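Everything numeric here is computed off the predicted structure, so don't read it as measured data. In listed order, ligands and their atoms are each counted from 1.
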Amino acid sequence: MKILVTGGAGYIGSHVVKALGEQGHTLLTYDNLSTGNKWAVLYGKLVVADLSDETTLRNVIQDFGPDAVMHFAASIVVPESVANPLKYYRNNTVNTLKLLAAVNENNIHNFIFSSTAAVYGTPDKVPVDEDAPLAPINPYGASKAMNETILKDLSLANSDFRYVALRYFNVAGSDPQNRIGQAYKEATHLITRALKTAKGEFDQLQIFGTDYQTPDGTCIRDYIHVDDLAAAHVLSMNYLADGGKSDVLNCGYGHGYSVKEVVNATRKVVGRDFKVHETGRRPGDPAALVADSSKLRKTLSWVPQYDDLEYIIKTAWSWEQRSS
Ligand code: UDP
């Protein structure tokens, strides 16, 4: 198949490009390289452009004529979204709208969307399933929830258009062959920050909040290896190509770890200690987010390969050491 991948030079997008490329698909990555890297695109062509540039976007889509679009390009940092909401509504909501307009005009019928567990806000029930109400507590989650609404309405208006929205939980780890990984210099995510601290890039790791309603007081997240997530995208595309109906699927393993547990696992994997500093809560963080991923497993016959926190950290650590 011919697949257009927005954000294919970024962390998750590049792992999906790798997975699709390994299966022989024809790929075109559309990325502004604001956080992505040219070298991360292991397969297919790269067009460096912004989604807000509607003329380029339309021309690229018309020339390439994709069978499916996978849409990763987005801003993803929760605290930044709280401080700068307009950036999130512009980059995530408005640019997705522009992409969907071009997709619709060109009669492209299969669309895979990077959504997030942040659409749930602080769920009443954990593990959370896809029927839980959407109640985001930060602009990042709100910007993605709006996109899901737009996708749903478009699919209702145009029965040929079908989509899968994948709600990612906490994506971590990297290519076991160490070719690509999290490469954004100002990475804010926990495992990357912990590894950079272990490496000496930071004096200490901050633990944001120790007074949550969780067993050790720190936030609980469901960490999923990026290649297991990439596999879910390939399966989603095959599902749509086989006539599957539009759907929304949680992507996580179904069990979580607290920040302190991640810190301890990181110390164990890297074999060295590093300083942590317990500080106040970070804005926009829910106490616990764990996926009920039974729908993903059932609908797509998804079987995770890397459901092992230490293995996830190990791959991320290999990458951190290489990228220094
Ligand atoms: N976190 C932390 N220190 C850090 C980075 C993150 O304590 O340097 C915490 C954060 O407050 C949250 C959890 O780790 O409770 C996961 O945050 P991350 O930014 O990795 O992902 P998010 O859940 O925000 O998508």
Side-chain angles (χ1 to χ4, degrees), residues 10-12 35 72 74-85 88 92 114-123 126-128 136-145 166-174 181-182 184-226 229 250-253 255-267 270 274-291 309 312-313 316-317 319-320:
Y11 169 52
I12 298 171
T35 58
F72 297 92
S75 298
I76 59 152
V77 179
V78 167
E80 185 193 40
S81 80
V82 177
N84 191 356
Y88 280 70
N92 298 356
S114 301
S115 191
T116 170
V119 298
Y120 296 119
T122 304
V126 173
V128 59
I137 58 167
N138 53 58
Y140 167 60
S143 69
K144 291 281 186 172
L166 296 172
R167 292 182 181 153
Y168 307 164
F169 284 65
N170 286 63
V171 190
S174 53
Q182 169 66 260
Y184 182 43
K185 290 249 170 319
E186 280 137 63
T188 56
H189 289 128
L190 177 62
I191 291 177
T192 308
R193 292 293 287 209
L195 292 172
K196 286 186 188 294
T197 310
K199 222 168 80 174
E201 259 181 60
F202 302 107
D203 290 344
Q204 59 188 18
L205 175 76
Q206 294 198 300
I207 294 186
F208 298 125
T210 52
D211 60 346
Y212 286 97
Q213 293 290 316
T214 60
D216 69 16
T218 64
C219 289
I220 292 173
R221 296 287 182 274
D222 185 338
Y223 295 90
I224 173 175
H225 190 279
V226 63
L229 182 67
N250 282 343
C251 295
Y253 291 139
H255 50 83
Y257 296 93
S258 72
V259 174
K260 285 186 175 170
E261 285 173 326
V262 171
V263 168
N264 289 336
T266 305
R267 285 180 170 140
V270 305
F274 53 87
K275 253 170 70 181
V276 299
H277 173 64
E278 295 183 3
T279 181
R281 292 183 178 197
R282 199 177 65 169
D285 275 343
L289 265 180
V290 175
L309 182 64
I312 292 173
I313 296 172
W317 181 230
W319 175 253
E320 269 308 321

Over all atoms of both residues, closest heavy-atom pair of V128 and N250: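 Smallest interatomic distance, heavy atoms only, reads O-ND2, 2.9 Å.
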Heavy atoms, side chains only, cut-off 4.5 Å: are [X] and [Y] in contact?
| X | Y | answer |
| --- | --- | --- |
| Y253 | I312 | yes |
| K260 | P215 | no |
| Y88 | K144 | no |

Among protein heavy atoms, which sits nearest to [atom], and what does the distance come to when rounded to 0.1 Å?
| atom | result |
| --- | --- |
| atom 25 (O) of ligand 1 | N170 ND2, 3.7 Å |
| atom 5 (C) of ligand 1 | T188 O, 3.4 Å |
| atom 15 (O) of ligand 1 | C219 CB, 3.0 Å |
| atom 13 (C) of ligand 1 | V259 CG2, 4.0 Å |
| atom 12 (C) of ligand 1 | D285 OD2, 3.7 Å |
| atom 17 (O) of ligand 1 | R282 NH2, 3.5 Å |
| atom 3 (N) of ligand 1 | Q206 O, 2.6 Å |
| atom 20 (O) of ligand 1 | L190 N, 2.8 Å |

Of all residues at least two apart in sequence or in a different chain, which pass the side chain to side chain contact (heavy atoms under 4.5 Å, CB included) check with V82?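 Listed in chain order: N138, P139, P283.
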Once ring-ring contact (aromatic ring centres under 6.0 Å, His included) is applied, do any residues pair with Y168, and if so which ones, sequence neighbours excluded?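 For Y168 the ring-ring contact (aromatic ring centres under 6.0 Å, His included) partners, ignoring immediate neighbours, are H233.
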Measure [X] to ligand 1 on non-hydrogen atoms and call it side chain, backbone, both or neither using the 4.0 Å cut-off.
| X | value |
| --- | --- |
| R281 | neither |
| H189 | both |
| I191 | neither |

Sub-4.0 Å atoms of ligand 1 with respect to non-hydrogen atoms of I207: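 So the answer, numbered in order with elements, is 7 (O).
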Distance filter under 4.0 Å to L205 heavy atoms, resulting ligand 1 atoms: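 Answer for ligand 1: 8 (O).
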R281 bridged to D211 by N-O distance under 4.0 Å: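 So R281 pairs with D211 through a salt bridge.
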Give a yes/no verdict on a cation-pi contact between R267 and F274, requiring under 6.0 Å between NZ or CZ and the six-membered ring centre and an angle within 45° of the axis.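 Yes; both conditions hold, so R267 lies above the ring face of F274.
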